[in-house]
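Below, read A as the first sequence line, B as the second, and so on, with proteins coming before strands; counting in each chain starts at 1. A quick note: this is a predicted structure, and the numbers were derived from the prediction, not measured. We use all heavy atoms of the structure for the numbers below, so side chains are in, but hydrogens, waters and symmetry mates are not.
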Amino acid sequence: MSEMTLVQAVNRGLFEAMKQDPDVLVLGEDVGVDGGVFRATDGLIKEYGAERVIDTPLSETGIIGTAVGMALYGLKPVAEIQFLDFIYPAFDQIVSELAKFRFRSGGQYPCHVVIRAPYGGGIKGGVYHSQSTEAYFCHTAGLKVAIPSTPADAKGLLLTAIHDEDPVMFFEPKRIYRTATGEVPDGDYRVPFGQARTVREGEHLSIFAYGAMIPPASEAAAALAKDGISAEVIDLRTLVPLDEAAAVASVEKTGRAVVVHEAARFCGFGAELSAILAEKAFYSLKAPILRVTGYDTPFPYALENVYLPNAARIEAAARAVMQEG
Amino acid sequence: MAKAAQSAPTVAPGVSHALSNDRLLSMYRVMVLARAIDERCLSLQRQGRIGFYVPASGQEAAQIGCAAALRDEDWIFPAYREIGIALWRKVPFRALMDQFIGNSTDRVKGRQMPNHYSFRDHNFVSASSPIGTQITQAVGAAMAIQRRHVPQVTATFFGDGATSSNDFHAGMNFAGVYRTPTIFFCQNNQWAISLPRNRQTHSATLAQKAEAYGFSGVVVDGTDVHAVYDAVATARERALAGEGPTLIEAQVYRFGPHSTSDDPHRYRSDADVAEWKRKDPILRLREELRTSGALSDETESQLQEAVKREISESIEAAEGAPALDPMTLFDDTFAQRTPRLEEERAEFQRLLREGVIRP
Ligand SMILES: Cc1ncc(C[n+]2csc(CCOP(=O)(O)OP(=O)(O)O)c2C)c(N)n1
Ligand SMILES: [Mg+2]
């Protein structure tokens with residue numbers, strides 16, 4: 001065990017995977033000599049050389065298309081997209097190719113690529129360095145989607161992603177890259193996909209969140225506790241596959257749900273989770289499910305503080321669901 | 001005249017588009033202004049008075065030489081590093097400063113990071129962060145110009161890194177096919193963040209890529225305003241004569257960090273930077289103007305004073321402007337707000353009133 005930040009845990013995970021398996025390689029813009037613009041790949045090139053830590057030209061299609069080719073041939077590429085906002089030139093390679101290779105070849109060509117990308121707001125990055133567009137990828141059959149919120153999960157989920165058999169979108173909450181700190185197990189530590197984490201147990205309502213929304217959700221739960229409202233906070237950890245059983249069980253216990261994400265509300269991941277709860281836990285619900293999310297505008301620069309969900313908004317929504325039923 | 005790309009790295013300054021001393025002096029003034037803004041803004045960022053900054057030091061001759069050869073009616077499709085173009089187009093520094101802060105007088109209403117401004121009155125189209133996207137758009141606007149038969153060109157600005165983007169290749173191809181009045185102005189500042197130019201592409205020059213798309217590409221010394229001006233003026237004449245697009249590779253050097261988030265010591269040596277700084281475009285033009293007698297000590301110090309004053313006054317005014325009204329968040333997603341946005345806006349207003357969210 002050692003104490004580290006979330007971004008250091010990503011870095012430790014990459015070191016571990018590259019040590020375990022010579023077929024693992026890292027590619028992306030500025031990942032080599034510079035160590036990544038957030039330093040997630042710091043030191044890898046020194047240890048493993050430029051053949052396995054590849055500084056690519058400025059082309060996301062190039063990065064993902066070549067990663068697909070490497071994976072088809074049997075390597076295990078871990079591609080970095082510098083910001084999730086810049087992934088779209090590769091969207092075709094991801095949704096038309098990577099996600100569908102196994103299916104369209106009748107299982108002959110599985111294609112296992114891990115795509116790491118920092119996502120989300122709160123860093124004064126304006127419209128193109130802040131977006132949270134996980135829903136596009138969740139909506140694409142064939143892609144798994146993992147979003148850690150703690151250093152231990154960052155390493156554990158990343159190692160699981162690299163050892164998986166399917167393409168994995170690994171979205172890193174850059175806002176808490178350095179503020180989320182914690183103990184991380186050494187060595188080959190893995191956190192299974194499809195298992196939500198109970199951040200805090202509670203009786204009166206369930207707050208569902210992931211990534212950078214876990215800290216404000218926990219803060220809101222702490223504030224509610226002072227008034228005797230006991231909120232359960234659940235970190236979904238992987239959106240695909242989703243731990244539906246845990247979500248349903250929590251709502252069966254509490255009867256109330258607030259779903260939090262920083263992405264825009266309309267067709268955001270909260271819509272899916274709310275629908276699942278309505279389908280599978282309807283008779284346990286005592287109040288309508290509320291969503292606390294970004295607004296349905298593009299992400300702003302100067303106004304990001306009022307755009308992003310905060311603890312007070314989550315708390316207000318929790319109090320609102322408590323008043324009903 | 002500019003030479004074909006493959007043959008020579010540098011093009012000699014042209015005689016066909018000679019610049020008068022007056023014009024050179026006004027170009028020099030804008031170059032000095034751009035450099036001084038860079039220096040002030042880097043320190044404003046360190047003091048936390050602006051959130052971020054993208055410096056352009058080292059690229060002034062390329063930008064201002066190019067801008068001066070264009071006409072105000074020509075449309076600019078910029079990347080995020082084109083301060084010299086905006087200043088030459090007479091965008092006041094105050095307006096840039098408003099954007100860097102994102103205050104109530106910011107023309108883009110606090111929507112974008114510093115340096116991603118947009119001034120329709122100056123035919124300066126909105127810059128975005130995703131690399132290369134403006135390139136195809138400039139070609140499309142040039143196709144529209146062709147359809148309207150107007151004597152006008154579009155100029156698009158991008159870096160060496162952007163030549164690897166999809167949009168660069170698609171844009172170049174379309175421009176070649178339709179022979180559009182487009183100037184592709186590539187500022188090869190030798191770096192795309194940490195990736196050096198020679199690892200971006202195996203081509204001997206960036207300009208030679210035009211060859212593959214069936215039009216001419218030229219390399220110019222981007223530290224020489226004369227060479228840049230001549231290449232752009234020539235490209236513009238050719239475009240207006242129906243001879244199609246030109247790719248111009250202006251070879252420059254990024255003196256500063258990629259942005260205030262970057263630490264260039266991780267990937268390049270001070271010696272390399274020092275070597276290029278000997279070719280500082282501002283010193284070069286100053287030397288020339290002094291030798292020709294166009295720039296006296298007195299003019300120089302007046303100019304420096306005026307630039308300093310303009311910068312300080314603009315910063316003060318921009319910092320004194322009221323903060324952005326949070327309700328503007330719900331403007332401009334669509335021409336008219338949808339019912340859903342009205343609902344979210346009302347919720348937002350309530351949360352503000354209740355103090356649940358605080359600007
Ligand atoms: C599509 C896309 N990918 C990655 C980035 C991140 N990024 C910002 S600037 C940059 C390098 C750009 O280099 P170049 O085109 O040479 O322009 P310069 O910054 O040197 O002016 C990168 C990789 C981006 N903005 N857009
Ligand atoms: Mg560059």
Interatomic distance, OH@Tyr301(A) vs CD@Gln99(B), rounded to 0.5 Å, equals 8.0 Å

**Asked** Is the closest side-chain heavy-atom distance between Val306(A) and Arg358(B) below 4.5 Å?
**Response** no

When the 4.5 angstrom heavy-atom criterion is applied to Leu329(B) and chain A, the contacting part is both

Taking a cut-off of under 4.5 angstrom between non-hydrogen atoms, the residues of residues 287-295 of chain A near chain B are Arg291(A), Tyr295(A)

Review point. Asp296(A) versus Leu341(B): any side-chain heavy-atom pair under 4.5 Å?
Key: yes

When the 4.5 angstrom heavy-atom criterion is applied to Glu354(B) and chain A, the contacting part is neither

Begin with the C-alpha distance, continue with both residues' side-chain angles, and end with the deciding distance and a verdict on side chain to side chain contact (heavy atoms under 4.5 Å, CB included) for Thr328(B) and Leu303(A). CA-CA 9 Å; Thr328(B) 58; Leu303(A) 297 174; 3.8 Å; yes

Bottom line for Arg111(B): the part with an atom under 4.5 Å from chain A's heavy atoms is backbone

_Whether Arg268(B) and Asp34(A) form a salt bridge (side-chain N of Lys/Arg under 4.0 Å from carboxylate O of Asp/Glu) is what I want to check._
no

Whatever's closer than 4.5 Å to a heavy atom in chain A on Arg340(B) counts as side chain

Whatever's closer than 4.5 Å to a heavy atom in chain A on Phe334(B) counts as neither

Highest number of heavy-atom pairs under 4.5 Å with chain B among Tyr307(A), Phe86(A), Tyr88(A) belongs to Phe86(A)

Cut-off 4.5 Å, heavy atoms of chain A, and the answer for Ile193(B) is both

- request: Answer yes or no: is there a side-chain heavy-atom contact under 4.5 Å between Thr201(B) and Pro57(A)?
  value: no

CD1 of Ile50(B) to NZ of Lys124(A), rounded to nearest 0.5 Å, is 11.5 Å

When the 4.5 angstrom heavy-atom criterion is applied to Leu195(B) and chain A, the contacting part is both

Ring geometry between His129(A) and Phe52(B) (parallel below 30°, tilted from 30 to 60°, perpendicular above 60°):
tilted

Any salt bridge between Arg265(A) and Glu347(B), counting N to O under 4.0 Å? yes

